[in-house]
Amino acid sequence: MLYEICDLKIEIQNRLKYTDNFCRNYLSTDQACEPILSVKVSDEAFYAEKNASPGYSDGYIENICLYREICLQLPKFNRFLLHSCILEYNGEAYAFLGRSGTGKSTHTGLWLKYLAGAKILNGDKPILKVNEKEVIAYGTPWMGKEGLGYNGQAPLKALCFLEQAKVNEIRQLSPAEASMRIFQQILLPSEQIAAEKTLEMIDALLKRIPSYLLRCDISEEAVKTSFEVLTKCEYNKNKITEKE
């Protein structure tokens, strides 16, 4: 079947029906056009993942492998996978990053609670496109265990790395500081050309998009702390206004 994912027409040659339902919101209306990318899972890749992930269904295993195959080919199209939670607010995207347990889901959930209009574009595995003018964040069918996200896109305005703390504070990171953190959140292809292209995109991303370190608790004050710096707007529960 042909799907439209991150503005690419991708043919997914799945054997099991799990992926048909999983990717249904991204199904292309034009099944006759030529795909720019086609993926399938080899027996070797399938059984390697099955052995590494016992207890999961064969459809789930194939689905994981298919997305990996897609992501390994994305660099040739100026795109890459960034493990993060992408929030969209007022038509702009903000990426929240961190290792498992750092509170990405908790903090982004607080944005949804306190900020009318905030929504999650992708909760775990969005795709970024890096071009000369901007960086675009895309939703994908692969949204993490909570299944939060939708088929859409928005220009990325900031990266926000999270750490748990008792006092809420945020500071901007240098590109060098951000690079030490972001490489824990990407899938780096083993193929040399694709790996080099990915590194070029990461370099461009960190030079173009500001990165921040947010140390926070799970309060509304934490939302105010991140919101005002990331969006450049004044936080008010009843009314959001741009800063002077």
Side-chain angles (χ1 to χ4, degrees), residues 1-28 35-42 45-46 48-50 52-53 55-88 93-102 104-105 108-109 112 119-130 135-154 156 159 182-190 194 198 201-202 205:
M1 299 295 287
L2 194 64
Y3 299 87
E4 295 185 21
I5 300 171
C6 65
D7 279 340
L8 298 176
K9 293 191 180 298
I10 301 175
E11 180 186 32
I12 297 181
Q13 300 181 43
N14 54 300
R15 305 175 188 174
L16 303 170
K17 291 186 177 181
Y18 182 99
T19 297
D20 294 338
N21 182 61
F22 190 87
C23 297
R24 65 188 183 280
N25 292 330
Y26 291 76
L27 190 66
S28 175
I36 195 170
L37 173 62
S38 182
V39 296
K40 61 182 178 179
V41 179
S42 68
F46 176 84
E49 183 63 39
K50 187 175 178 66
S53 306
Y56 291 95
S57 71
D58 286 356
Y60 179 85
I61 296 297
E62 182 187 41
N63 187 258
I64 291 174
C65 294
L66 285 166
Y67 194 43
R68 184 181 298 122
E69 291 299 318
I70 291 172
C71 291
L72 289 174
Q73 297 189 54
L74 286 177
K76 69 180 70 172
F77 305 106
N78 297 316
R79 293 159 169 82
F80 69 96
L81 165 68
L82 179 67
H83 285 285
S84 61
C85 180
I86 301 284
L87 256 171
E88 182 186 338
Y94 304 90
F96 292 86
L97 309 92
R99 293 179 177 176
S100 179
T102 56
K104 296 189 299 295
S105 297
T108 52
L112 300 182
K119 52 187 176 180
I120 292 180
L121 177 58
N122 186 280
D124 189 46
K125 296 180 177 67
I127 290 169
L128 300 187
K129 179 176 76 172
V130 181
V135 178
I136 302 296
Y138 290 94
T140 74
W142 294 268
M143 299 178 287
K145 60 184 179 181
E146 290 88 2
L148 298 175
Y150 62 95
N151 186 354
Q153 65 184 71
L156 184 67
L159 302 169
I182 201 169
F183 280 105
Q184 302 170 16
Q185 312 297 327
I186 67 171
L187 175 65
L188 188 63
S190 57
T198 302
M201 289 188 288
I202 295 295
L205 169 71

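Owing to the predicted nature of the structure, the values given are computational and were not obtained by experimental measurement.
Taken from CD1 in Ile12 to CD in Glu62, the straight-line distance is 9.5 Å, to the nearest 0.5 Å. In this structure, CG on Asn78 lies 8.5 Å from NZ on Lys129, to the nearest 0.5 angstrom. Of the inter-residue distances, the one linking Lys9 atom NZ with Ser38 atom OG reads 14.5 Å to the nearest 0.5 angstrom. Expressed to the nearest 0.5 Å, how far CG of Asn151 lies from OH of Tyr26 amounts to 4.0 Å. Summarising the geometry, atom CG belonging to Leu8 is positioned 11.0 Å from atom NZ belonging to Lys76; distances are rounded to the nearest 0.5 Å. Separating the OH atom in Tyr94 from the CG atom in Leu159 is a distance of 12.0 Å, to the nearest 0.5 Å.
In this structure, Met201 and Pro75 approach most closely via the heavy-atom pair CE-CA, 3.8 Å. For Cys65 against Glu49, the heavy-atom pair with the smallest separation is SG-CB, 3.5 Å. Taking each heavy atom of Leu121 and Gln153 in turn, the nearest pair found is CD1-N, 4.0 Å. Of all the heavy atoms in Leu27 and Leu2, the pair that sits closest is CD1-O, 3.5 Å. Closest approach of Pro126 to Leu81, counting heavy atoms only: O-CD1, 3.3 Å. Residue Leu87 comes nearest to Lys119 through the heavy atom pair CD2-O, 3.3 Å, listed as atom of the first residue, atom of the second, then distance.
Leu187 has its side chain out of reach of Phe80: every pair of non-hydrogen atoms, C-beta onward, lies at least 4.5 Å apart. Contact of the Asp7 side chain with the Phe77 side chain is not registered, since no non-hydrogen atoms from C-beta on lie closer than 4.5 Å. With contacts defined as side-chain heavy-atom distances shorter than 4.5 Å, the pair Tyr67/Thr140 qualifies. Side-chain contact check for Ile186 versus Leu82: some heavy-atom pair is nearer than 4.5 Å. Contact check for Asp58 versus Phe46: side-chain heavy atoms found under the 4.5 Å cut-off. Taking 4.5 Å as the limit, some side-chain heavy atom of Phe22 sits within range of a side-chain heavy atom of Trp142. By the 4.5 Å heavy-atom criterion applied to side chains, Pro141 and Asn63 are not counted as neighbours. By the 4.5 Å heavy-atom criterion applied to side chains, Met1 and Glu11 are not counted as neighbours.
Between Val39 and the options Ile70, Asn14, Leu72, a side-chain contact (heavy atoms from CB on, under 4.5 Å) holds for only Ile70. Just one residue in the list Ile120, Leu97, Leu148, Asp124 forms a side-chain contact (heavy atoms from CB on, under 4.5 Å) with Cys85, and that residue is Ile120.
Listed for the Ser53 side chain is no donor-acceptor partner under 3.5 Å among the backbone atoms of Lys50.
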Give the C-alpha distance, both sets of side-chain angles, the deciding distance and a yes or no for side-chain contact (heavy atoms from CB on, under 4.5 Å) between Lys125 and His83. CA-CA 5 Å; Lys125 296 180 177 67; His83 285 285; 3.7 Å; yes
For a side-chain contact (heavy atoms from CB on, under 4.5 Å) check, start with the C-alpha distance between Ile127 and Asn122, then their side-chain angles and the critical distance, and finish with the verdict. CA-CA 9 Å; Ile127 290 169; Asn122 186 280; over 6 Å; no
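Between the side chains of Ser84 and Gln185, not a single donor N or O lies within less than 3.5 Å of an accepting N or O.
Surrounding CZ of Phe183 are more than 12 heavy atoms belonging to other residues, nucleotides or ligands, all under 6.0 Å away.
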